[in-house]
Structure formats: structure tokens, C-alpha cells
Participant: 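Take this structure first; my questions come after.
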Amino acid sequence: AQKITQTQPGMFVQEKEAVTLDCTYDTSDQSYGLFWYKQPSSGEMIFLIYQGSYDEQNATEGRYSLNFQKARKSANLVISASQLGDSAMYFCAMREDHSGAGSYQLTFGKGTKLSVIP
Amino acid sequence: SAVISQKPSRDICQRGTSLTIQCQVDSQVTMMFWYRQQPGQSLTLIATANQGSEATYESGFVIDKFPISRPNLTFSTLTVSNMSPEDSSIYLCSVVGGQSYEQYFGPGTRLTVT
């Protein structure tokens, strides 16, 4: 079974509108972290936002927020007030904190290509 | 966050040859990771490189094909050996940093094998 599932291969959003990119995950660990990265056409991976499994509040970082629903195992990224520069691939990733192992490895989803329309 | 550079940024290579990719970090880090991103695909972890020990390879990746060096806490190399067109990918190095132990990535090396 996939550990990270992103069901939207591509999304379109009108400039200045909000958009939600879906991510569901699968883990048996109690402690884990969820990340979102942006990859523009240049290829670099840009860290956007992080949510820890024990965090009670949804993470926010500027125009990015993470809608964390632990019981449903979902960690959707919400981008408010979309800009043309937001057009990129977006990857959801998970770090499973196997107790005591100090693992920092990330497992990535297949990504969602977001296109912002002027 | 760490500043990471990679060399070369891109290359076109003949099949059967080898390419060494360099990753330089502006601060000392314990763990470095190497990822491969095949065209239109997600990132796949190749190996974890810790200074002073042998790299740990993920399933499907072997040292003979992807030898890694980690001579100090700011530098690592990944070699793609005996290349075939299937090795055409973006190769990215990353380090762990920040309050959430997020990973920061280098700009990537775009490799095309003809």
C-alpha cells in the first residue's frame, strides 16, 4: 500500500482564489511528521510547511496552511490568494519517527501539478 | 536553513560512462541524503550518507551502481556508474535541518543519458 497518496494529478485555480491540494497517508507509527514541498519547473524542492502528529493546531505559514485531520489520516495543503508564481508541482511527504531510531527519511507522494490561471 | 549547492547542474552523457555529482553544504551536517527523480515521477531515496560510515542504500539501489563518498561534514558525492538511458533523472541531495527536522534540498542535477 502507498504510504502517501495524492489523488489529484493536476489542478487549476484562478489567480487570487484559494485551492486545496489533497494528501492522505498511511502509517502505524504514533509519532510522525508531514511535509509539503513545492517544485517549480527549475527542479529545486522548496520546503513549505510541516505538521507534527502531536500538534493540536493546524500549521500555517504565510499563505500556506495545512488542514490536518488525524482520524482521517489526511494532511491537505491550502494555498490562499493564489499567485501565478504558485504554478508548480506540489509534493506531500511523511517522516515516520520509528521510536528511538532517529530516522529522518522522507516518503513522497506522486505530486499534484498546480496551474494558476490569470 | 542550510544553503546547498550541486555540481554539475545538468549534463548529457553517453551510455556506459560514469558521472560524479557533488553536493556542498554551507554548514556541518551529520546526515545527507541522495534522491532520484525520474521524469514525471516523485522522489525516490537512493541512500543515506553519514560522515565516517558507509552509506546506507535503499532497496533497489546498490553501491556498485551508485557509489557515494562522504569525506567530511559539508560535502558528499554520488557517482552514477555505467549509465544507461534509464538513469536519466534529476538527482538531488538533501540535509536535515530546522526546528521540524525538515529536509532542505540542493538545486538538483539534471542528467540525460544518450
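Lettering of chains follows the sequences in order, A, B, ..., and the numbering in each one begins at 1.
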Participant: So for atom CD, which belongs to A:E61, do other residues, nucleotides or ligands contribute more than 12 heavy atoms lying within a distance under 6.0 Å?
Facilitator: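 No.
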
Participant: Under 4.5 Å heavy-atom distance to chain B, tell me which part of A:Q39 shows up: side chain, backbone, both or neither.
Facilitator: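 The answer is the side chain of A:Q39.
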
Participant: Determine whether more than 12 heavy atoms belonging to other residues, nucleotides or ligands lie under 6.0 Å from atom NZ of A:K73.
Facilitator: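 Counting other residues, nucleotides and ligands, NZ of A:K73 exceeds 12 neighbours.
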
Participant: Around atom CD of B:E54, are there more than 12 heavy atoms from other residues, nucleotides or ligands closer than 6.0 Å?
Facilitator: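 For B:E54, atom CD is not crowded (no more than 12 foreign heavy atoms under 6.0 Å).
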
Participant: Working to the nearest 0.5 angstrom, can you tell me the gap between B:E102 CD and A:F47 CZ?
Facilitator: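 Reported value, rounded in 0.5 Å steps: 4.0 Å.
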
Participant: For A:T107, is it the side chain, the backbone, both, or neither that has a heavy atom closer than 4.5 Å to a heavy atom of chain B?
Facilitator: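 Contact with chain B: none, neither part.
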
Participant: Which answer fits B:Q6, side chain, backbone, both or neither, if we ask what part of it has an atom under 4.5 Å from a heavy atom of chain A?
Facilitator: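 For B:Q6, there is no contact with chain A at all, as no heavy atom is under 4.5 Å.
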
Participant: Is there a donor-acceptor contact under 3.5 Å from the side chain of A:Y37 to the main chain of B:Y104?
Facilitator: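 The answer is no, because no donor-acceptor pair under 3.5 Å joins these two groups.
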
Participant: For A:F91 and B:Q41, work out which heavy atoms get closest and say how close.
Facilitator: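 Closest heavy-atom pair between A:F91 and B:Q41: CZ-O, 4.2 Å.
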
Participant: Within a radius of less than 6.0 Å around NZ of A:K70, do more than 12 heavy atoms belonging to other residues, nucleotides or ligands occur?
Facilitator: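 It does: A:K70 NZ has more than 12 such atoms within range.
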
Participant: Is it true that, when you exclude B:I12 itself, more than 12 heavy atoms of the residues, nucleotides or ligands shown sit nearer than 6.0 Å to its CD1?
Facilitator: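 No, the 6.0 Å shell around CD1 holds no more than 12 heavy atoms from other groups.
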
Participant: Using non-hydrogen atoms and a 4.5 Å limit, figure out which bit of B:L43 sits close to chain A: side chain, backbone, both or neither.
Facilitator: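 For B:L43, backbone and side chain are both near chain A.
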
Participant: Would a hydrophobic clustering, with Ile, Leu, Val, Met, Phe, Trp and Tyr connected at side-chain separations under 4.5 Å, put A:L106 with B:I46?
Facilitator: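 Cluster IDs for A:L106 and B:I46 differ.
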
Participant: For the NZ atom on B:K65, are there more than 12 heavy atoms of other groups (residues, nucleotides or ligands in this structure) within a distance under 6.0 Å?
Facilitator: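 Yes, because the 6.0 Å sphere around NZ of B:K65 holds more than 12 heavy atoms from other groups.
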
Participant: What do you reckon, is CZ of A:F12 surrounded by more than 12 foreign heavy atoms closer than 6.0 Å?
Facilitator: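 Atom CZ in A:F12 is not crowded, with 12 or fewer foreign heavy atoms closer than 6.0 Å.
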
Participant: For B:Y35 together with A:F108, are the ring centres under 6.0 Å from each other?
Facilitator: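 Yes, the ring of A:F108 comes within the 6.0 Å limit of the ring of B:Y35, centre to centre.
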
Participant: Applying side-chain contact (heavy atoms from CB on, under 4.5 Å) to B:F105 and A:E44, what does each step give before you reach the verdict?
Facilitator: CA-CA 7 Å; B:F105 287 82; A:E44 61 187 309; over 6 Å; no

Participant: Quick one: of B:S42, B:S94, B:G106, who has the most non-hydrogen atom pairs under 4.5 Å with chain A?
Facilitator: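 Most heavy-atom pairs within the cutoff with chain A belong to B:S42.
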
Participant: Please walk me through it: do A:M45 and B:Q103 pass side-chain contact (heavy atoms from CB on, under 4.5 Å)?
Facilitator: CA-CA 9 Å; A:M45 292 287 287; B:Q103 287 189 23; over 6 Å; no

